[in-house]
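Contents: one structure, followed by commentary.
Every chain is numbered from 1 and lettered A, B, ... according to where its sequence line falls, protein lines coming before strand lines.
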Number of protein chains: 2
Amino acid sequence: MTKKVVRLSDVALAAATSAKTASRVINGDPRVAPETRRRVEEAVTRLGYRVDLLARSLRRGVDDTIGVIVESIADPFFAAVISEIELAALRRGLNVIVTSNRRLPNREVAIVDSLQQRRVAGLIITPHTSDLSYLAATDTPVVFVDRHPRNFPADVVTFDDRGGARMAVRHLLRYGHQRVAFVSDDLEVETSRNRHAGYVDALMEADLPVAPELVATDCADAAVARARTCEFLDLDEPPTAIFSARSETSLGVVKVLHDRKRTDIATVSFGDFALADVLSPAITVLEQSPELLGRLAAERLFARLDGDHNDPVNTVIPLRLVPRGSGEIVPSGGAETVGGAGV
Amino acid sequence: MTKKVVRLSDVALAAATSAKTASRVINGDPRVAPETRRRVEEAVTRLGYRVDLLARSLRRGVDDTIGVIVESIADPFFAAVISEIELAALRRGLNVIVTSNRRLPNREVAIVDSLQQRRVAGLIITPHTSDLSYLAATDTPVVFVDRHPRNFPADVVTFDDRGGARMAVRHLLRYGHQRVAFVSDDLEVETSRNRHAGYVDALMEADLPVAPELVATDCADAAVARARTCEFLDLDEPPTAIFSARSETSLGVVKVLHDRKRTDIATVSFGDFALADVLSPAITVLEQSPELLGRLAAERLFARLDGDHNDPVNTVIPLRLVPRGSGEIVPSGGAETVGGAGV
DNA sequence: ATATCCCGTGACAACGATTACCTCGTCTCA
DNA sequence: TGAGACGAGGTAATCGTTGTCACGGGATAT
């Protein structure tokens, strides 16, 4: 029933040498006589020997694995990040263990612990809300992506959330909008907070008030974003433009605008998404490359693995506004209707 | 610099007992005196002890981990599958190692080996093209998802690809289409093959010929699908309907139809995708639930882990056609134009 | 000619936890 | 009262691999 697993000692026996020498061959140690090497290699292939990575890692003290923690694996944004990290790891011969915190703070800590208990070589984390500062006392290299960790300095790779949001809202204002709505996730999440700040920045610059009824910061998913967008449209003075701070929420906003045939309302999305360019109007987006985020994070981590002991590095990726139509719509209806041409 | 890690023996020492007893407490063995248990627990928290999972797994012979292999982590379909598997694993206290084969046959085998070398408790695999039949001789439980393995029986969870495709094409034929194009990935991939078979089934039933110029089976991604769709439209006798066998290709098809303002061409997509219901016309799809696929696969694997030794089970998930508009468009232009009303 | 060094090799311990197997009282029931 | 059962706990072996150290012998240095 249970197959007997081939051990290194079996190989050694078959090759008429010691386990240690067999180990040398396996690990490419040059100090082995050609003839001996040949015998070991022959035995390895004949017996179908394969290293027990658990035993090796236990002995070595570290595992050839990096742990990645994101918020949700199913989110296309994080999926792309992960995929890129995996590719980078593959090139370096490292395995990747992916986990998601699902926004549960205690799970976040549990995952980090569990990965450390596996002796991962390094970690790439999208921090949620937990205080992970105890990681600083550990010798596990950690790189944070998309958000900063709380209470301690570390390598971080983020987007220019605030600047990007400011740019997006400025863009809308330039087209004459006065009532720009803001849709985002909870401000507890750093990215949302920063994007909100950028939104406020742009309004302040233009001496426009921040209208509370136009700010929805509880959109954890597209469904909530839909509901909030409906509420916006039902206001006495509805917004003439909507800035969605996340592609997930953009899906909700766009859905409602189309259902209600209110595609006269301008829209800019923080983050591109599939088909954004196919809709009519096509959606103007702030393009952020999750692939780049993943790649830079992996590079940073690898540098640490290679012994880089310099101060933490803060990498900020700039964003690009891609005008496609929805963000270049000029205001109509609303307040203007009163004294204007009407519909 | 390097932190000294707390070992079980340190805990035992602090609790004035033996490593074995400390181990008993850690593992919830009931045969420990309350007082001793308390001392150990106190020592554990005070010293911040955490099990070395590598050592534990080495000794136990298996790791509390399941390995998942998909084609691409970035693909929303697989991302959803993975996410669901991870959730199921979480509930069972198992870790998940996710890897992608990236369609490289040799990488596929390498990954399986590497996971086995980690002594994973089980595997969930989307097989690509490699012969993995050697897994049958292993005692690692394996569940295949989305496709069947080559050359050996095993637990498999798939969708009703052929039946679904047949249903979709029948649906189009019912609306009067005579020239239905087929867009898919390489037929080397089993799902594509089955969906193509379903397409042929439906045409044969209706005594319609399979026109080679309307069949594109090389669409590995949306970009190729776009190119092929363009070619379709440029034919002397273009199709009046397109059946896209994968949501990834659907993105390409839809993009071209919109760019060229040819939304008069009917479309059905195998697989739903974000915003499919927002486009105009909204896209008629065969709804397949990657979440369900993931859940069922996990359940199957867990059953095996729990000692189920019955014959392999073949689970086929039925599909549902969701009419949204694009699949209910009646033919126009093309051959009809000759004797018809014209545009 | 003797000391030194390197090469190829192997014996042995250690990585950290668990399992198999005992010991030693105390309790229960005949 | 004696025998077995049971509870609590300990000792030593083991999981498979690799780092440490030692060793014999030929080559090189002095």
>> Set out, in order, the CA-CA distance, both residues' side-chain angles and the distance that settles side chain to side chain donor-acceptor pair (under 3.5 Å) for Arg24(B) and Thr36(B), then state yes or no.
In response: CA-CA 11 Å; Arg24(B) 287 198 176 96; Thr36(B) 314; over 6 Å; no
>> What's the closest nucleotide to the side chain of Thr17(B) if the choices are dT9(C), dG16(C), dG10(D)?
In response: dG10(D)
>> Distance check needed: dG16(D) C1' versus Leu53(A) CG, whole Å only.
In response: 11 Å
> What is the distance, rounded to the nearest whole Å, between atom CZ of Arg24(A) and atom C1' of dT9(C)?
Replying inline: 6 Å
>> Given 3.5 Å as the limit, does a donor-acceptor pair link the side chain of Glu108(A) with the main chain of Pro127(A), or not?
In response: no
> Of the nucleotides dT18(D), dA17(C), dG10(D), which has the atom closest to the Arg56(A) side chain?
Replying inline: dT18(D)
> Arg59(B) has an atom CZ; how far is it from atom P of dT19(C), in whole Å?
Replying inline: 7 Å
>> Which nucleotide wins on minimum distance to the side chain of Thr21(B), given the candidates dG10(C), dG9(D), dT18(C)?
In response: dG9(D)
>> Whether Ser23(B) contacts dT18(C) is assessed here as follows: a side-chain N or O lying under 4.0 Å from the phosphate OP1 or OP2. Is that the case?
In response: yes
>> Closest approach to the side chain of Ser18(B), judged atom by atom: which nucleotide of dG10(D), dG9(D), dA17(C) is it?
In response: dG10(D)
>> What is the separation between atom CZ on Arg7(B) and atom C1' on dA14(C), rounded to the nearest whole Å?
In response: 11 Å
> So which heavy atom on Leu115(B) is nearest to which on Gly67(B), and how close?
Replying inline: CD1-CA, 4.0 Å
> Where the side chain of Asp52(B) is defined as all heavy atoms beyond and including C-beta, which of dA17(C), dG10(D), dC15(C) is the nearest nucleotide?
Replying inline: dA17(C)
> Can you check the Arg31(B) CZ to dT19(C) C1' distance for me, whole Å?
Replying inline: 12 Å
>> Could you check whether Arg118(A) pairs with Asp52(B) (Lys NZ or Arg NE/NH1/NH2 to Asp/Glu carboxylate O, under 4.0 Å)?
In response: no
> Closer to the 5' end of DNA chain D via nearest nucleotide, is it Ala16(B) or Arg60(B)?
Replying inline: Ala16(B)
>> In this structure, how many angstroms lie between the P atom of dA14(C) and the CG atom of Leu8(A), rounded?
In response: 20 Å
>> Checking salt bridge (charged side-chain N to carboxylate O under 4.0 Å, His left out) between Arg39(A) and each of Glu41(A), Glu35(A), Glu42(A), which is the one that passes?
In response: Glu35(A)
>> What is the distance, to the nearest angstrom, from the CG atom on Asp29(A) to the P atom on dT17(D)?
In response: 17 Å
>> On the nucleotide dT9(C), are OP1 or OP2 found under 4.0 Å from the side-chain N or O atoms that Thr36(A) carries?
In response: yes
> Within this structure, what is the NZ-to-P distance between Lys20(B) and dG9(D), rounded to whole angstrom?
Replying inline: 13 Å
> Which of these nucleotides, dG16(D), dT18(C), dC15(C), is closest to any side-chain atom of Arg119(A)?
Replying inline: dC15(C)
